[in-house]
Amino acid sequence: MAYLELKNINKIYPNGFHAVHDFNLTMEKGEFIVFVGPSGCGKSTTLRMIAGLEDISNGEFLIGGARANELGPRERGVAMVFQSYALYPQMTVYDNIAFGLELQGADEEYIDERVKNTARILGLTDYLDRLPRALSGGQRQRVAIGRAIIRKVGIFLMDEPLSNLDAKQRVTMRSEITQIHRETGATTIYVTHDQTEAMTMADRIVVMKEGYIQQVGTPYELYFKPANLFVAGFIGEPPMNFVRARLENGAVRVGDATLDLTRKLGEARARYEGRDIVFGFRPESIRLGAQEDACTLAAGVELTEMLGDNTNVYVKMRDERAILKVDPHETPAVDSGITFSVPYESVYLFDAESEAVIA
Ligand code: ATP
């Protein structure tokens with residue numbers, strides 16, 4: 001049976017703002033789910049409804065098959081780590097971590113065992129006597145996580161927990177949180193606006209936009225089988241390129257090129273005849289020059305950025321721009337004309353109006 005179920009969950013704030021629309025999701029025990037999307041898309045609101053910090057306007061939330069809408073945060077068995085992880089500055093790491101259990105009146109021996117075990121999982125054993133001000137940002141964040149996981153809860157919620165850390169610390173903490181999840185096995189929901197965090201940490205990702213779920217899937221599914229333009233453009237860095245195209249006489253016209261995408265379009269070909277579509281391809285899926293079984297396009301090079309492992313080449317095709325990732329040894333000259341090819345299997349076609357994927 002599904003462990004957590006959100007059925008047609010909506011949030012309408014008292015001022016009338018409809019922040020979350022018909023949110024449907026089931027989660028298995030132990031899953032690591034990431035909610036991702038741009039600022040204001042309703043991620044935190046949804047998380048707070050799961051935590052019991054925000055009323056559910058309508059819809060049903062179930063834990064282990066039982067309705068939980070009316071339960072308070074404690075009764076739901078959730079622990080939460082927020083973006084601002086205020087620790088008690090005058091208390092040691094040990095006491096900060098122990099605090100929640102002490103409040104519950106747990107006995108000292110049990111608390112001591114749990115604190116030491118939690119510190120071991122988090123690599124904080126050598127810091128238990130320190131005050132928070134004597135810790136790095138990443139260590140403080142680990143203490144905040146320790147405070148949450150010391151209570152044995154079924155559901156662990158995290159709202160942008162790494163946003164106060166610098167880029168390097170974020171990368172380290174990402175893998176540490178994944179490791180902690182593996183050790184504790186707690187069902188985890190993690191909110192971020194960072195697609196890299198979502199891709200590297202999640203079992204499944206929920207992509208949201210303006211209060212609506214756009215797609216739910218594994219990182220692999222979202223990258224290779226995006227449901228629409230938004231997901232295709234959100235997942236991947238640099239983002240997928242989109243070029244206006246049109247279906248004429250059964251062929252796809254992209255700029256000056258006419259491409260035979262009959263196989264790709266399949267049955268959709270007749271439906272889209274004479275209509276505008278969007279031709280999408282990822283920067284990393286191209287090869288310079290013409291190739292077999294690929295769409296070949298011509299472009300002018302505007303700018304190149306050598307990054308070491310690859311070069312980003314900014315090109316212009318008629319009035320459309322795109323980014324191509326190439327081997328640094330093959331970096332073309334600025335202002336030169338090039339051809340590049342996109343393998344058929346790496347081409348995405350979208351409905352220009354509904355923005356849904358066609359093929
Ligand atoms: P961010 O990454 O910026 O935190 P988010 O995706 O978590 O964004 P939410 O905080 O869930 O977004 O907010 C969703 C929408 O609901 C936003 O447009 C926000 O302005 C609005 N909102 C949030 N809280 C309230 C409130 N108490 N009353 C009215 N509207 C609210």
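Values reported hereafter were calculated over all heavy atoms of this structure, with side chains retained and with hydrogens, waters and symmetry mates removed. Ligands are counted one by one from 1 in listed order, and the atoms in each one are counted from 1 as well. The model shown is predicted, which means the values in this text are computed figures rather than measured ones.
Per-atom contact check: atom 25 (C) of ligand 1 touches the protein, criterion being a heavy-atom distance below 4.0 Å. Distance remark: protein heavy atom not present below 4.0 angstrom from atom 20 (O) of ligand 1.
Any N or O atom pair closer than 3.5 Å counts here, and Ser39 shares at least one such pair with ligand 1.
At least one heavy atom of Glu160 sits under 4.0 Å from some atom of ligand 1. In this structure, Cys41 has a heavy atom closer than 4.0 Å to ligand 1.
Using a 4.5 Å cut-off on side-chain heavy atoms (C-beta onward), Val143 and Ile97 make contact. Proximity of Asn241 to Pro283: side-chain heavy atoms (C-beta onward) are separated by under 4.5 Å at one or more points.
For ligand 1, the atoms closer than 4.0 angstrom to any heavy atom of Asn15 are 29 (C). Ligand-side atoms of ligand 1 in range of Phe17: 15 (C), 16 (O), 18 (O), 21 (C), range being under 4.0 angstrom from any heavy atom. Distances below 4.0 Å separate heavy atoms of Ser44 from the following atoms of ligand 1: 4 (O), 5 (P), 7 (O), 10 (O), 11 (O). When each atom of ligand 1 is checked for a heavy atom of Gly42 under 4.0 Å away, the hits are 5 (P), 6 (O), 11 (O), 12 (O), 14 (C).
Put simply, the side chain of Asn96 gets close to the backbone of Thr92: a donor and an acceptor are under 3.5 Å apart.
Closest protein heavy atom to atom 2 (O) of ligand 1: Lys43 NZ, 3.0 Å. Regarding atom 23 (C) of ligand 1, its nearest protein heavy-atom neighbour is Tyr13 CE1, 3.5 Å.
Under the 4.0 Å criterion applied to side-chain N and carboxylate O atoms, Lys116 and Glu113 are not assigned as salt-bridge partners. Glu31 and Arg204 are joined by a salt bridge, as a carboxylate oxygen and a charged side-chain nitrogen come within less than 4.0 angstrom of each other. For the pair Arg318 and Glu320, the salt-bridge criterion is not met [side-chain N within less than 4.0 Å of a carboxylate O].
In this structure, of Ser163, Gly40, Pro38, Ala19, the residue bringing a heavy atom nearest to atom 17 (C) of ligand 1 is Gly40.
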Checklist entry - Would Phe242 and Phe350 satisfy ring pair (Phe, Tyr, Trp, His ring centres under 6.0 Å), going step by step from the backbone distance to the final call? => result CA-CA 9 Å; Phe242 299 122; Phe350 302 91; 5.7 Å; yes
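Under 4.0 angstrom from ligand 1, the non-hydrogen atoms of Thr45 come from both its backbone and its side chain.
By the 30° and 60° cut-offs, the orientation of the rings of Phe281 relative to Phe340 is tilted. In this pair, Phe224 and Tyr220 present their aromatic rings tilted. The plane angle is within the 30 to 60° band.
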